[in-house]
Structure formats: C-alpha cells, structure tokens
Amino acid sequence: MISLLNDLNPIQQKAVLETEGPLLIFAGAGSGKTRVLTYRIACLIHEKGVSPRNILAVTFTNKAADEMRERVERLLGGSAKGIWISTFHSACARILRQHINHLGFERNFVIYDEEDQERHMKAVMKELDIDFKMFHPRAMQSSIDRLKNEGVTPDQYRPSQFNIFEKRLALVYQRYQEDLHRNNGVDFGDLLLFVTLLFKKNPEVLRSYQNSCQYVMVDEFQDTNLIQYQLIKRLAERHQNICVVGDDDQSIYRWRGAEVGNILNFERDFPGTKVITLEQNYRSTQHILRAANHVVKENRLRKEKILWTKNPEGELLTLYTAEDEADEARFVVRKISEHVHCSFPRNPGNTGRPYRDMAVFYRINAQSRAIEEELVKHQIPYTIVGGMKFYERKEIKDILAYLKLIANPSDGISLKRIINQPPRGIGEKTMERITVFSRESGLPLYEGMKEALKEDWLSPGMRERIGEFILLIEELRQEAKLLTPGQLTLTLLARTGYLERLKEERTDGALSRVENIDELVNVLTELERGEEVEETRPREVFLESFLDKVSLVSDVDLYEDRENRVSLMTLHCAKGLEFPIVLIVGMEEGLLPHYRRGEGMEDLEEERRLCYVGITRAKEKLYLSRAEKRSTFGVGRANLASRFLDELPFELIQVEERKRRREHLFSQETSWFDDFSRSGDETDFTPQENGFSKKEDVTLIPDGFYPLRTGMRVRHPRFGDGRVKSIEGMNEDQKATIVFQMAGPKRLKTRYANLEILE
Ligand code: ATP
Ligand code: MG
C-alpha cells in the first residue's frame, strides 16, 4: 500500500486515507479526483480489509465504471470481484430486478429506450385524442422525465387549473404509466423513481442495502440530480461513510435536472463533513490551464478555486478563423496530419503522434458531417463517440425486440414492433383491434392475442397466421431456457426467416444489415464469454441481464479507445476524458454559446462551463477554430466569434493564417500532403496506402469463388479500402476479418461482402 500511496501527492493521500465519515472532495479539472476514488477503493480493500461487497461506487457512464474496475484490479493485482461500481441507472436496474415485485411488476420487466418511449408516448396521446401539433410528444416526454427526476408520481402531480398543457400532462402521465405497467416495462426515469418508491414502501429492503453499503462513493457529483442525490443519501444513511467528488465548474447537465446545489447541500445534510480541495492539475500544460481558468472565472455562480500545475508551459493555443465549415474541416485535417507525420514545426524530433491521441469536439452532432467528409477524403481513421448508436439500428432493435418479448411476454411494445418483421400478413387494422380487445379484457397484448384466437371477428386465415406466430414465440421461450442468448438469437433468426429475407433483398443496405446482425451475435457471444456463468444460474436470467446491459449502454460506452483513430464527439460526451491534442471547432456565437440555450445568465454560464470542460480535456496542445460563414439548412449565415474567445488572454493565443484559396492544402496542385504520403510511416494505415483511389488493377471476386489471402488489399463498396487480417471457414461459409482504413475491423461473410481485390 505504501507504494500505492507513492503515486499520489500528500493531499490526494489524505483524501484516500480519510475513509470514515462524510467527505467532500471539491476540486478543479484534472486534479486527480477520479484517481483518488480508484485508489480509495483499493485502499479500503487492501488496507482496511473491507469486503468488496460492502463498497458502492457510482460513476457517470458504464465506460467510466468499467475503467474504474479495471484500475482497481490493476492496483490490487487481482480481482476486484464483488465491488459494486456502477452508474445510477444500472444500480437501480439491479435493485429492481430483485425487488420490483413489491411495486406490482414482474421481475422480468423490460427497460424501454428513448425510441420505445417516444413510440409509446405517441400511442398514449393518440388514444387520449391529444393533438401532436398543439402538444409535442417530446415536450410531454421531457416533462414526465422532469417530474420523475423530482420524484413526483402521477398521483402526486398537481397541475395548475389554468394551464392547459399541465392539465393534459396529468392525463398523459397517468395513462403512460398505466400502459407501461401493463407491458411490464419501465423507462429510464422509472428506474430511479421506482427504487425511491420501493425504499419508502419497504423499509426492510432499504435497510438491507444500507447495511451492505458501508462505503459509498460518487464521481462527477456535480451532475447528479435531486432524485439521484436523495437515493445515495438514503443508502449512506446508516454508515455515513460517503465520499463525493465534484467540480461545480464542470456541471453541464442542468438541462437534465442536475443540481449543482447538491454540492452545497451535502455539507448541510451530512454534518461533520470534511472537505478536501485538490489544487494541482496533472493533466494540462500551463498555457492550457491558464486559458481554462480565464474563461471559467467569468462565471459568477461558482466557488472560487485555485488550480495550478507543475507541467511545462507548453505550446500556445492556436486559433484559426475559417472561411466556412469546409475550410474549418480542412484545417482540422491539416493539423491532424501534421501531428501524425511529425512535421509539427515547433516540435523538432517528435516522432509523430498516433491518431488516438487526437480528439475533435463540437457543440452539436450536426457539426461532425463536414469534418467527417474531409477525414474520409483523406483516409484518416476516426470514430464518432455518440454517433455509432449500434443498438438503435432498425435490424438490431428488431432482434432485441424478439429477445425482449421472449424474456417478458407482457411486453406489448416489442410485440407490436416485430409482429410483421418479417412480414406475416398481420396488418395494422388487426393489431389495433386486438389492442382494444386486450385493453377491454384487461390483458397484456400477447395474452389478448391468444384470447382473440377464440373470437369469431378474426378471419380463419388471420387466426391461422396469429396462431403460427404464437407457436413460434412459445417455442422460442422454451428454447430460451436451454440456450445462451447468442444461440437463442441464431435460432430465432433461423425460425423467423428474418435473415433469409434480408439476404434475398441482395441490396447493399440489406447486406450491411446482415453484417450488423452478425455483429450482434458476436457481441452476445463475447459477452457470454466474459460473464461468469454460474451453472445454477437459469438462462433466462442471463438473457435479462444482457438486455439490461443493452438498454443502459450510453453513447460514451460504445467508445472504443484502444483503436488507433481520431475521436469526434460533442463537448458533453467529452466529460471525464483526456487527450494529448484537442481541437474544438465552431467557436461562434450561436454555437458555443449555443443559441438554443435560454436567455438567462445561468444558461450562458452553463455554456461557459461546457467550454471549460472542452479546454481542460487537452493535455498538450489545444486548437480552437471558428467559421465566418456556416450553412444551416442549406442557407449560409455569418457568425460572430464566440464571446469565450474574447475571454482568453491574448498572449496565450497564436493565430493561424488562412491559406489563400489557390494554396489550399490537398487541392490538386498541392504537394505537401503527397510528400508525407511518400515519406513513409509505420502507422498501420498511412495515406501512402491510399493510392487505391488512383489507377489500380481491380479484380472483382466472381460468384462462388473466394480467393482471399491474409494480407491482401481489398475494397468494400461501403467500408472502402482495407486489408485482410484473417480468414475462417471455406467456400460459402468463409468469413474474413478485414481491417478497413475508415471503418475499422469488420468480420464479413465473403460471399456477401461484394469485395474487390486490389493487387
Ligand atoms: P476531471 O475533472 O476531468 O474529471 P479528475 O480530477 O478526475 O479530472 P483525473 O482524471 O483523476 O482527474 O486525473 C487527471 C490526470 O492526471 C490523469 O491522467 C491522472 O492519471 C493524472 N494524475 C492525477 N494525480 C496524479 C499524481 N499524483 N501523479 C501523477 N499523475 C496524476
Ligand atoms: Mg474525473
């Protein structure tokens, strides 16, 4: 343990060793807050002999939770099995899986994601005959989310009699919850609300958790909302060993109900709280840190903090004013290439940086398009954090809906989704009738469907089709008891003919959907391998826990940082992360600060904090750029420089001159990019390999013949150029893992991949 503590400064050590009683660690960006939490967990287990099962650590994303677990394991030199490191939502899902029966739900409940919620909301509003134009379903949804975050149930909600929206909201909220209940489903907001209700209703359940949660820790505490805070407060009530870590300057989720006030309330709610502030930043150069401090000190609603660093002064910040978004994108690509190809003028001897060291941040998702186009053009590998949304793709959602229905036959929303996927000739009209029939009989949709078979308003043909569908689901439910989720998915794909149907289409889109489904089966199989499969554990439980995981993956969780690619993400997604080189684009009034923010000072201050979060992610070099003109919806608009740029000290900024049009890099006549291309590089995919786009001898693979070899260069119609890494199987079943320059590694069935061989 001594050696462990050696990795920390004396104040961090104090924060690690102060394990008893309430503790608030309040500190600026990059001062080691997350590091302290990790060491604290290791110290509790290793030094104080605390059982891992008595520790609960809450982080903001599943990715952060996984990372923390890995680090603790590394520190302990062994397994950290049993420590409960989790997000709020995952922790609540786990509690509800055990005890939701107290609230009248079945333990096999499903968790609906945003798209399911919206679909459900629309159905409810339609039933209540509420006009979408007058009351937008999303507005209703977000109001309900807000009520849930405040812990208000439909029964407790008191609308103002003079407010039509609120009066409608009360009706919708009531009906929305009733319908979810009938589907044995919950939404994200319910996870927290229901645990709160559960603890109120069943003090003995609460007590058991209070007993086991001897040590509670919360990272990114500034972004907890009221209901999350109350939950954590209750859990820590008995032992009072609660340590929260936060930075008011990084509170960026006020719009989701996060309460910076929780930090201030903490000291009041936990008398005797010790407060530790960390002041040394280990992440950034002096210049970057000074810039960040200058911006954030303009905020009035904040606690003054000192943040300094012993790190070198570092490079000045570079500011580029682009002509338009395309020019801005060229700037981004130019800088990335300079770093990769070690031509960085002020860094002689630098050996060049891997792509993974660089990140581009923007305020809104739509900004990524221009940058992506430029990256693709220059064959620079990148990943969009928050843009992949694998689990939101149609085919994946269809298959998951089957799995959800198998796990929970009351799930009418999933049932409606797949009843005609693939088409079975059961039309919308029939489904509407069955829905009304089920509601009137007080049955979940699936049960109602079974009952409807006895009714004569169904034609014999329809009865047969529905009968077949029910038989299919019943058979799959039986299979689910014996098979792993991966095997079950393969079975359902075969029995439903889902895959066959896609393959028959033979279009590019359909084939890429087949590949995605293939990827889902891979994910399931990988998860099965990673999971500790206890022999006694029923297969259904395994399926439910997988579905929970999928429902709770957030955008950031899909971020794979081990690959060597540039990361693109919104500023919100960047929280907690760090990169040696950061480029923040769109430093314009209207974008950062964003024009959709409210007019109030508090809204502006939140935008400034977002800017602060962005700046403080950078370790060594920070680029800021803005475009004088930017088109929105096809219309060009002139934008003023962001006020946050004015808040930066002049002497920290170095302005990058704009190239005259004729001299634009990468244009036909330019040579420097080509020079790099020829100069050679050890990175896997250098632009030097992108000679593909020039004249090449191309062989199209003839049908039924797959002469692939490892190491071969190939081109895919959608993924572009890549190299064959490995090959499995033969002939029709042959699969190849190909590492594409742009799209990364993919495992494809050669038969369908439509590959060209580039000799
Ligand atoms: P944020 O506010 O962005 O969440 P943080 O306060 O959680 O930041 P960490 O991410 O824990 O900060 O630490 C920032 C960086 O500084 C990390 O790379 C971490 O490993 C490093 N670091 C923190 N403390 C020390 C230390 N005592 N010695 C060396 N490196 C440190
Ligand atoms: Mg942190």
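Just follow the structure's listing: the first ligand is 1, and inside any ligand the first atom is 1. Start at 1 with the first residue, then count along the sequence. Keep in mind that what you see is a predicted model, and the values were worked out from it rather than measured.
Near Leu8, meaning under 4.0 Å from any of its heavy atoms, are these atoms of ligand 1: 27 (N). Each of the following atoms of ligand 1 lies closer than 4.0 Å to a heavy atom of Gly32: 5 (P), 6 (O), 9 (P), 11 (O), 12 (O), 13 (O), 23 (C). Ligand 1 places these atoms under 4.0 Å from at least one heavy atom of Ala29: 2 (O). Applying the 4.0 Å criterion to heavy atoms of Glu578 picks out, from ligand 1, the atoms 14 (C), 15 (C), 17 (C), 18 (O). Shown in contact with Arg617 at under 4.0 Å from a heavy atom are these atoms of ligand 1, numbered in order with element: 3 (O). With ligand atoms numbered from 1 in the order given, ligand 1 contributes 27 (N) to contacts under 4.0 Å with heavy atoms of Asn9.
Counting only heavy atoms from C-beta outward, the side chains of Asp247 and Arg302 never approach each other to under 4.5 Å. The shortest side-chain heavy-atom distance between Ile252 and His572 falls under the 4.5 Å cut-off. Taking 4.5 Å as the limit, some side-chain heavy atom of Lys274 sits within range of a side-chain heavy atom of Glu18. Proximity of Gln654 to Leu319: side-chain heavy atoms (C-beta onward) are nowhere separated by under 4.5 Å.
Only the backbone of Asp7 comes within contact range of ligand 1, with a heavy atom under 4.0 Å; no side-chain atom does. With a heavy-atom cut-off of 4.0 Å, Thr34 touches ligand 1 through backbone and side chain alike. Contacts between Lys575 and ligand 1 below 4.0 angstrom, taking non-hydrogen atoms only, are absent altogether.
Under a 4.0 angstrom heavy-atom cut-off, Asp247 registers as lying outside contact with ligand 1. The closest approach between Gln280 and ligand 1 stays at or above 4.0 Å for every heavy atom of the residue.
Protein heavy atom nearest atom 4 (O) of ligand 1, with residue, atom name and distance: Glu220 OE2, 3.9 Å. Looking from atom 20 (O) of ligand 1 to the surrounding protein, the closest heavy atom is Arg35 NH1, 2.9 Å. Atom 2 (O) of ligand 1 has its closest protein heavy atom at Lys33 NZ, 2.6 Å. Annotation: atom 21 (C) of ligand 1 to nearest protein heavy atom, Tyr282 CB, 3.7 Å. Nearest protein heavy-atom neighbour of atom 10 (O) of ligand 1: Arg283 NH2, 3.1 Å. In this structure, atom 27 (N) of ligand 1 lies nearest to the protein heavy atom Gln12 OE1, 2.8 Å.
The shortest N or O to N or O distance between Gly576 and ligand 1 is not under 3.5 Å.
Between the side chain of Gln210 and the main chain of Arg234, a donor-acceptor pair closer than 3.5 Å is present. Here the side chain of Lys303 pairs no donor or acceptor atom with the backbone of Asp249 at under 3.5 angstrom.
For Gln228 and Gln230, the side-chain atoms include no donor-acceptor pair closer than 3.5 Å. Between the side chains of Asp269 and Tyr229, a donor-acceptor pair is found at a separation under 3.5 Å.
Salt-bridge annotation for Arg643 and Asp646: absent, with no side-chain N of the basic residue lying under 4.0 Å from a carboxylate O of the acidic one. Comment: Arg146 does not engage Glu150 in a salt bridge, judged by the lack of any side-chain N to carboxylate O separation of less than 4.0 angstrom.
Two rings, from Tyr253 and Phe60, have their centers less than 6.0 Å apart.
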